[in-house]
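Below is one structure, written out as structure tokens; comments come after it.
Note: hydrogens, waters and symmetry copies are ignored here, and every other heavy atom, side chains too, is used. Just so we're on the same page: letters track the sequence lines, and every chain starts at 1.
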Amino acid sequence: MREVIRFAWGNSSLGEFMVAMSDKGLVALELGSGRDLVEEALRIRFPGAEVVSRQLELIDILDKITRVIEEPRFNPELPLDMRGTAYEIEVWSMLRVLPVGETISYGAFAAKLGTRDARDVTKAIASNPIAVLVPCHRVIKKDGSISGYRWGVKRKRELLAREQRAKPLPTSEGDG
DNA sequence: GAATTGTCACCAG
DNA sequence: CTGGTGACAATTC
């Protein structure tokens with residue numbers, strides 16, 4: 001029996017986004033870069049699967065995702081159906097334990113995983129199909145600057161800015 | 001900020 | 001194993 005991938009589009013302050021689900025859970029969360037392109041990419045990613053639009057069925061999911069984007073500390077508790085190599089899944093799992101508002105360098109993150117190279121971690125992170133819920137945006141360069149993001153550097157900066165605002169630290173920031 | 005170089009584990013064949 | 005590849009890191013201008 002053919003696998004069915006359901007998807008739907010939502011809107012947030014970061015722009016449009018698309019969620020896609022298999023029977024097991026979330027398989028993709030894409031931040032708007034053209035509906036046709038994203039939907040096409042979905043079919044390429046799941047050859048042989050039936051990719052169908054289910055806007056109304058996923059309305060609850062869309063609502064949760066929207067809230068996560070607006071409020072980084074909100075936990076949607078959605079099941080993730082992560083597909084990739086064993087190494088990629090390990091990296092994505094590690095990403096999800098990073099605390100809100102924290103950032104880590106690729107090198108430091110690599111060290112947490114083992115003795116692997118920073119360059120290697122980037123490949124796995126860059127292959128992450130699930131934006132925001134797998135907080136790949138919390139990994140930045142050692143320099144502190146942001147060099148790349150699959151869904152646009154501007155969105156990455158925006159997400160980080162929100163998380164830092166949402167950070168529970170009592171410190172009063174003097175930045176302006 | 002943009003360009004350059006060193007480096008190495010992973011992935012595909 | 002061989003070959004190709006990077007959302008790096010550190011340096012330079």
> Once you round it to whole Å, what is the distance between P of C/dA9 and CD1 of A/Ile140?
Replying inline: 9 Å
> Whole Å only: how far is the NZ atom of A/Lys123 from the C1' atom of B/dA9?
Replying inline: 9 Å
> Roughly how many Å is it from NZ in A/Lys141 to P in B/dA2, rounded to a whole number?
Replying inline: 11 Å
> Pairing of DNA chain B as dot-bracket, 5' to 3': ( ) intra-strand, [ ] crossing, | other strand, . unpaired, with Watson-Crick or G-U pairs under 3.5 Å?
Replying inline: ||||||.||||||
> Between C/dT12 atom P and A/Asp143 atom CG, what is the distance in whole Å?
Replying inline: 15 Å
>> Rounding to an integer number of Å, can you tell me how far A/Glu88 CD sits from B/dA12 C1'?
In response: 13 Å
> Any idea which heavy atoms bring A/Ala49 and A/Ile5 closest together, and the distance?
Replying inline: CB-CG1, 4.0 Å
>> Between A/Arg162 and A/Ile69 (side chain of the first, backbone of the second, donor and acceptor by atom type, cut-off under 3.5 Å), is there such a pair?
In response: yes
> Is a side-chain N or O of A/Glu70 found less than 3.5 angstrom from the main chain of A/Ser13, in a donor-acceptor match?
Replying inline: yes
> Residues from residues 89-98 of chain A sitting under 4.0 Å of DNA chain C, heavy atoms only?
Replying inline: none
> Given atom CD1 of A/Ile146 and atom P of C/dC8, what is their separation to the nearest angstrom?
Replying inline: 12 Å
Can you give me the N/O atom pairs linking the protein to nucleotides 5-7 of chain B at distances under 3.5 Å, or say none if there are none?
| residue | atom | partner | partner atom | Å |
| --- | --- | --- | --- | --- |
| B/dG6 | O6 | A/Arg119 | NH2 | 3.3 |
| B/dG6 | N1 | A/Arg119 | NH1 | 3.4 |

>> Strictly distance-based, threshold 3.5 Å: is any side-chain N or O of A/Arg150 a donor or acceptor partner for the main-chain N or O of A/Ser127?
In response: no
> Any side-chain heavy atom of A/Val4 within less than 4.5 Å of one from A/Arg6?
Replying inline: yes
> Under the 3.5 Å rule, do the base of C/dA7 and the side chain of A/Tyr106 count as making a donor-acceptor pair?
Replying inline: yes
> Which atom pair, heavy atoms only, marks the closest approach of A/Ala124 to A/Val91?
Replying inline: CB-CG2, 3.7 Å
>> Less than 4.0 angstrom between a side-chain N/O of A/Thr85 and OP1 or OP2 of B/dC11, yes or no?
In response: yes
>> Checking A/Gln55 against A/Trp9: is there a side-chain donor and acceptor pair closer than 3.5 Å?
In response: no
> Whole Å only: how far is the CG atom of A/Asp120 from the P atom of B/dA12?
Replying inline: 13 Å
> Does a side-chain N-to-carboxylate-O contact under 4.0 Å join A/Arg96 and A/Glu77?
Replying inline: no
> Is the backbone of A/Ile146 close enough, under 3.5 Å, to the side chain of A/Lys156 for a donor and an acceptor to pair up by distance?
Replying inline: no
> Of the nucleotides C/dA7, B/dA9, C/dC8, which one has an atom closest to the side chain of A/Ala126?
Replying inline: C/dA7
>> Quick check against the 3.5 Å criterion: does A/Glu57 have a side-chain atom that pairs as donor or acceptor with the backbone of A/Arg54?
In response: no
>> In this structure, how many angstroms lie between the P atom of C/dA7 and the CZ atom of A/Arg155, rounded?
In response: 18 Å
>> Show the nearest heavy-atom pair for residues A/Arg138 and A/Leu160, with the distance to one decimal.
In response: CA-CD2, 4.0 Å
> Judged by atom type as modelled, is there a donor-acceptor pair below 3.5 Å linking the side chain of A/Lys142 to the main-chain atoms of A/Ile104?
Replying inline: no
> Considering only C/dA7, C/dC8, B/dC10, which nucleotide approaches the side chain of A/Tyr87 most closely?
Replying inline: B/dC10
